[in-house]
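Sequence lines set the chain letters: A, B, ... in the order given, protein chains first and strands last, and positions in each chain run from 1.
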Number of protein chains: 2
Amino acid sequence: MYSLDHLTMFVESAKSGSFSACARKLGKVQSAISQGIAHLETDMNKQLFDRSTRKPSLTEDGKRLLVYAEAVLRQSQELHSVVQAIDRMEEPLIKLAVENALLVPKFSQILQTFSKRFPATAIEVISMTSTDVLDDIMNHQAQLGLMFTHHSFSEDVELCYIGNLPFYPVCAHHHPLAQAQHIKVNELIAHKQIMLRGAKGEATHWLPKISADIWWANSFSSIYKLVEQGIGWSYLPGHLADERLSFGRLTRLPFSIDHKDWSPSIELITPKNIVKGPALSWLYEAMKELLD
Amino acid sequence: MYSLDHLTMFVESAKSGSFSACARKLGKVQSAISQGIAHLETDMNKQLFDRSTRKPSLTEDGKRLLVYAEAVLRQSQELHSVVQAIDRMEEPLIKLAVENALLVPKFSQILQTFSKRFPATAIEVISMTSTDVLDDIMNHQAQLGLMFTHHSFSEDVELCYIGNLPFYPVCAHHHPLAQAQHIKVNELIAHKQIMLRGAKGEATHWLPKISADIWWANSFSSIYKLVEQGIGWSYLPGHLADERLSFGRLTRLPFSIDHKDWSPSIELITPKNIVKGPALSWLYEAMKELLD
DNA sequence: AGTTACTATCAGGAATAGTGATATGTATAG
DNA sequence: CTATACATATCACTATTCCTGATAGTAACT
């Protein structure tokens with residue numbers, strides 16, 4: 001079992017190429033380093049530095065072992081950073097309940113930044129339908145939720161409106177509707193519409209039911225597959241539709257101009273009276289900008 | 001900078017749930033552990049164990065920090081195992097030059113086993129054409145090579161025949177030849193054949209040139225693409241052909257039965273007089289079974 | 001050759017870790 | 001409830017390790 005102090009001397013000496021410089025940096029005397037390294041070398045029974053020259057240079061063995069020594073120190077730093085994170089009362093785990101449709105690119109960006117800022121806090125993303133999001137927050141299964149606005153208020157949750165998510169009507173490029181120039185809403189009635197419905201069979205209230213003939217699916221990826229095969233048309237969230245329009249497999253339905261995009265409003269929710277640690281506070285503020 | 005000894009005490013005490021048991025396991029007295037853990041706790045300014053009960057149990061902070069402490073110790077073990085690997089004179093790096101066609105599934109299996117057996121030895125796989133393999137071995141760019149038999153001998157390399165790699169003639173399932181029941185070789189002449197040729201333009205000598213009209217490609221994946229599109233037919237190594245036959249995109253050419261599979265012979269080569277350390281020796285022996 | 005900056009070595013002192021004895025606390029069984 | 005077995009905390013003492021400061025030797029540079 002090598003001592004971390006000795007490993008630090010090893011790594012620092014290798015980096016600065018001098019025992020004296022290392023001593024200065026570590027706030028010790030030169031002989032301490034010299035002895036420390038010598039000690040490490042006898043412990044390992046390996047020569048780490050070649051002292052024949054003015055500045056000690058790594059031997060082959062030294063080069064090979066250096067990267068492993070650095071890895072040990074990195075882990076040790078990691079441990080210490082978690083200790084400090086606890087001092088700052090950063091949470092060990094944040095559960096995030098997210099409406100399926102809201103996994104926009106910026107969402108991952110925010111989590112990316114978060115993981116750099118709070119390496120000691122784990123994130124659990126649970127994607128589900130909006131009604132389940134509300135349940136999870138009320139039962140304290142999750143600390144933060146993202147969902148479509150739900151107009152039944154509750155005393156237990158705190159809501160924050162953060163913007164709207166545009167939906168486009170789309171169909172496959174070989175679907176009959178794809179040829180039309182202008183489509184009035186009543187022309188749609190004859191074509192099958194695909195809609196989202198959760199596991200419990202609850203329909204989504206935040207998108208209009210237009211056609212007479214409806215098929216249901218429980219995720220946007222299944223909706224996409226049905227639409228792609230020309231089964232019917234559907235509303236898809238802008239960010240999902242865009243990437244699929246660019247593949248050329250989908251066509252945006254040319255609704256008549258007086259028909260605006262549907263843009264259901266989105267809310268960020270937390271349980272009321274929850275104590276927000278630094279990590280949760282940061283994430284809460286960051287998520288407010290999700291749709292900007 | 002926490003001491004590795006203290007971290008060991010922490011982890012071992014957590015695992016056995018008792019300071020005394022930990023002391024026995026680490027060959028120290030109980031009070032040493034008690035003091036050691038207490039010391040670590042003041043260093044971290046965290047309570048790691050709850051002593052209110054008979055056996056000390058981890059606090060929340062303790063649980064959270066335990067996994068990081070274990071990670072530090074794992075890295076430290078890793079370092080020590082590399083030290084021991086050097087003692088056993090295991091090589092730091094082995095370069096492996098492999099003919100493109102020989103990346104059979106068992107090849108990765110062998111490397112997988114190798115990486116468990118010799119975690120301190122890195123492998124560099126360089127895939128190329130057989131003639132380049134020979135060059136690399138002669139120039140000591142690689143320590144081990146796999147290639148098709150080359151009949152010009154050289155004093156500098158040591159050869160070991162290890163078996164044969166069968167090639168099938170294949171075409172796309174919509175290619176005219178795919179319909180035929182029996183094909184005699186002279187019927188092939190009229191159809192384009194795709195063949196492999198290295199960067200320097202050297203043709204492969206280990207597969208027959210049958211058709212009059214030849215196109216060249218420099219890798220099996222390009223050959224596959226040309227064949228798949230029905231440009232022509234080609235020989236493909238059995239393992240690559242099989243997985244593509246099973247996708248149903250390729251058809252094996254029904255040659256008349258008197259026409260046997262082409263199975264060029266394969267050799268394992270090393271530079272002559274090279275000192276084989278334990279890792280290279282192991283790999284050499286393992287590769288002998290590559291085609292069994 | 002002289003100067004500078006480096007490393008190795010050594011002895012003594014400082015800091016740290018380990019020991020063994022003791023007191024105390026907690027489950028379990030009779 | 002009490003006896004027993006097993007744990008942990010504390011303490012003074014010892015052993016070990018580590019650091020310091022001084023000295024001497026050596027490679028590079030002027």
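- Contact annotation: His6(B) side-chain N/O to dT16(C) OP1/OP2 distance is not under 4.0 Å.
- In this structure, Met1(A) atom CE and dT17(D) atom P are separated by 15 Å, rounded to whole Å.
- Across the interface with DNA chain D, nearest-nucleotide mapping of Gly36(A) and Pro56(B) shows Pro56(B) to be the residue nearer the 5′ end.
- Here the closest non-hydrogen pair linking Gly36(A) and Met9(A) is CA-SD, 3.8 Å.
- Residue Ser20(B) is classed as a base contact, given a heavy-atom separation below 4.0 Å to a base.
- Between the CD1 atom of Ile37(B) and the P atom of dG18(C) there is a distance of 12 Å, given to the nearest Å.
- In this model, the phosphate group of dC6(C) is not approached by any side-chain N or O of Lys55(A) to a distance below 4.0 Å at OP1 or OP2.
- In this entry the distance linking CE of Met9(A) with C1' of dC19(D) reads 9 Å, nearest Å.
- Within a 6.0 Å radius of NZ in Lys272(A), other residues, nucleotides and ligands contribute more than 12 heavy atoms.
- Between Gln47(A) atom CD and dA8(C) atom P there is a gap of 10 Å when expressed in whole angstrom units.
- Regarding Asp5(A), its CG atom lies at a distance of 11 Å from the C1' atom of dC19(D), rounded to whole Å.
- Remark: the Ser31(B) side chain and the dG20(C) base include a donor-acceptor N/O pair separated by less than 3.5 Å.
- Taking 3.5 Å as the limit, the base of dT19(C) and the side chain of Gln35(B) contain a donor-acceptor pair of atoms between them.
- As a whole-Å value, the separation of Asp50(B) CG from dA9(D) P is 11 Å.
- Salt-bridge formation is detected for the pair Glu41(A)/Arg51(A): a Lys NZ or Arg NE/NH1/NH2 atom is positioned less than 4.0 Å from an Asp or Glu carboxylate oxygen.
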Full working for side-chain contact (heavy atoms from CB on, under 4.5 Å) between Leu280(A) and Thr270(A) = CA-CA 10 Å; Leu280(A) 185 51; Thr270(A) 54; 5.5 Å; no
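- Straight-line distance from the CG atom of Leu40(A) to the P atom of dT17(D): 15 Å, rounded to whole Å.
- Closest contact between the side chain of Phe19(A) and the listed nucleotides dA8(C), dT8(D), dT19(C) involves dA8(C).
- For the residue pair Asp61(A) / Thr59(A), no side-chain donor-acceptor distance below 3.5 Å is found, with atom types taken as modelled.
- Heavy atoms of other residues, nucleotides or ligands lying less than 6.0 angstrom from CG of Asn139(A) number more than 12.
- Atom CZ of Phe49(B) and atom C1' of dA9(D) are 15 Å apart (whole Å).
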Taking distance alone, no hydrogens or angles, what donor-acceptor pairs closer than 3.5 Å link side-chain atoms of residues 74-83 of chain A to residues at least two apart or in another chain?
unit_1   : atom_1 : unit_2   : atom_2 : d
Ser81(A) : OG     : Glu78(A) : O      : 2.8

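- When the side-chain nitrogen and oxygen atoms of His39(B) are compared with OP1 and OP2 of dA17(C), one or more of them lie within a distance under 4.0 Å.
- The nearest pair of heavy atoms linking Gln143(A) to Lys95(A) is OE1-N, 2.7 Å.
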Hey, what are the protein-to-nucleotides 22-26 of chain C N/O distances that come in under 3.5 Å?
unit_1  : atom_1 : unit_2   : atom_2 : d
dT26(C) : O2     : Arg54(B) : NH1    : 3.0

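- The side chain of Arg24(B) lies closest to dA7(D) when the candidates are dC11(D), dA7(D), dC19(D).
- Nucleic acid contact class of Ser34(B) (heavy atoms, under 4.0 Å, all strands): base.
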